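Below is one structure, written out as structure tokens; the observations come after it.
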Amino acid sequence: MPELPEVETVRRGLEKLILGKKISNIDIRYPKMIKTDLQEFQKEMPGQVIQTMGRRGKYLLFYLSDKILISHLRMEGKYFYYPDQVPERKHAHVLIHFENGGTLVYEDVRKFGTMELLAPELLEAYFISKKLGPEPTEKDFDLGSFKLALKKSKKPIKSHLLDQTLVAGLGNIYVDEVLWRAKVHPSRTSNSLTAQEARKVHDETINVLGQAVEKGGSTIRTYTNAFGEDGTMQEFHQVYDKAGQACSRCETIIEKIQLGGRGTHFCPKCQRRK
DNA sequence: CCCGGGGCCTGGCCGC
DNA sequence: TGCGGCCAGGCCCCGG
């Protein structure tokens with residue numbers, strides 16, 4: 001469930017902790033999560049220095065001396081940095097030990113997360129092959145292209161926004177929040193949106209994700225653990241996980257339906273199907 | 001090409 | 001109390 005804001009929060013956290021550190025060795029306890037060649041991963045990682053931390057959509061990027069480590073947290077991936085002693089943890093799948101004695105541990109209860117080691121010159125092609133859309137910023141997220149893509153599709157707008165091709169970074173929580181703010185019903189087909197509605201969805205995507213980054217992401221009780229550290233964006237959620245509660249705009253009871261297999265929250269009055 | 005659904009995973013939670 | 005079955009969902013892949 002980490003969406004763009006949570007991944008960005010992790011990126012900023014790691015930037016403070018591991019920049020300049022040299023990897024001494026790696027301990028891979030769940031090899032299936034390494035999606036590129038395992039032998040090469042084990043051979044190439046030791047000796048690399050963490051140069052910078054990056055992010056593209058929900059992908060976390062470790063810029064190493066001469067490789068890029070692409071890490072996707074999927075549902076429940078988390079990183080913990082231990083300066084010296086590493087506690088034994090049931091769901092620790094990859095341990096990255098540094099020469100200074102510190103260790104970065106990747107933990108993931110559901111084991112959905114992935115890691116890939118790539119040559120830097122292949123990064124651009126990697127995201128193109130995934131059809132990953134633009135970053136949700138004024139600079140990158142072009143309104144004209146967005147409207148054009150919507151016009152060509154009969155997909156429900158929510159499913160379309162989730163597929164990462166129109167814009168990168170929305171997940172199931174923020175997409176519901178964006179559509180509530182834009183007053184658009186999640187089942188509406190993409191091509192049924194008016195120009196004004198398309199612009200509103202575009203703008204609110206930038207607003208919601210931007211605000212969520214500022215708030216350090218959302219801390220949702222998943223199981224026992226929280227992700228995203230001290231995020232407070234959940235205090236601003238208006239529909240996600242609010243079924244049965246009153247809409248803050250019109251007092252109508254928030255509904256929850258299944259759409260494209262996803263739990264979907266919306267206000268039946270503010271977000272009319274038309 | 002598009003769309004829908006299954007698979008990957010585990011643990012919380014519900015109902016019997 | 002115990003346990004089976006359902007649910008959570010990002011992304012990939014397959015079949016129609």
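The sequence lines fix the lettering, A, B, ..., with proteins before strands; numbering per chain opens at 1. Just so it is clear, the model here is predicted, and its values are computed rather than measured.
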Side chains of A:His97 and A:Thr103: is there a donor and an acceptor less than 3.5 Å apart?
-> yes
Could you check A:His91 against A:Lys152 and say which one's nearest nucleotide on DNA chain B is further toward the 5' end?
-> A:Lys152
Report yes if a side-chain nitrogen or oxygen of A:Tyr240 is closer than 4.0 Å to either non-bridging phosphate oxygen (OP1 or OP2) of C:dG9; otherwise report no.
-> yes
So among A:Val178, A:Leu209, A:Val208, A:Val213, which one has a side-chain contact (heavy atoms from CB on, under 4.5 Å) with A:Pro136?
-> A:Leu209
Apply side chain to side chain donor-acceptor pair (under 3.5 Å) to the pair A:Ser248 and A:Gln238, showing each step before the final yes or no.
-> CA-CA 7 Å; A:Ser248 65; A:Gln238 300 297 321; 2.6 Å; yes
Would you mind classifying the nucleic acid contact of [X] as base, sugar-phosphate or nothing, using non-hydrogen atoms under 4.0 angstrom?
{"X": "A:Lys90", "value": "sugar-phosphate"}
{"X": "A:Gly261", "value": "nothing"}
{"X": "A:Lys158", "value": "nothing"}

Let me know the distance between [atom1] of [X] and [atom2] of [N], rounded to the nearest Å.
{"X": "A:Arg29", "N": "B:dC9", "atom1": "CZ", "atom2": "C1'", "answer": "19 Å"}
{"X": "A:Phe112", "N": "C:dG10", "atom1": "CZ", "atom2": "C1'", "answer": "8 Å"}
{"X": "A:Gln258", "N": "C:dG9", "atom1": "CD", "atom2": "C1'", "answer": "10 Å"}

Would you say A:Glu121 has more than 12 foreign heavy atoms packed within less than 6.0 Å of its CD?
-> yes
Under 4.0 Å between a Lys/Arg side-chain N and an Asp/Glu carboxylate O for A:Glu204 and A:Arg199?
->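 No, no charged N to carboxylate O under 4.0 Å.
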Could one point to a donor on the side chain of A:Arg110 or the base of C:dG9 with an acceptor on the other under 3.5 Å away?
-> yes
Which stems, defined as runs of 3 or more consecutive Watson-Crick or G-U wobble pairs with both pairing distances under 3.5 Å, involve DNA chain C?
-> B:2-8 with C:10-16, B:10-16 with C:2-8
List, with names and distances, any nitrogen or oxygen atoms from the protein found under 3.5 Å away from nitrogen or oxygen atoms belonging to nucleotides 11-16 of chain C.
from: C:dC11; atom 1: OP1; to: A:His72; atom 2: NE2; distance (Å): 2.5
from: C:dC11; atom 1: OP2; to: A:Lys58; atom 2: NZ; distance (Å): 3.3
from: C:dC12; atom 1: OP1; to: A:Lys130; atom 2: NZ; distance (Å): 2.9

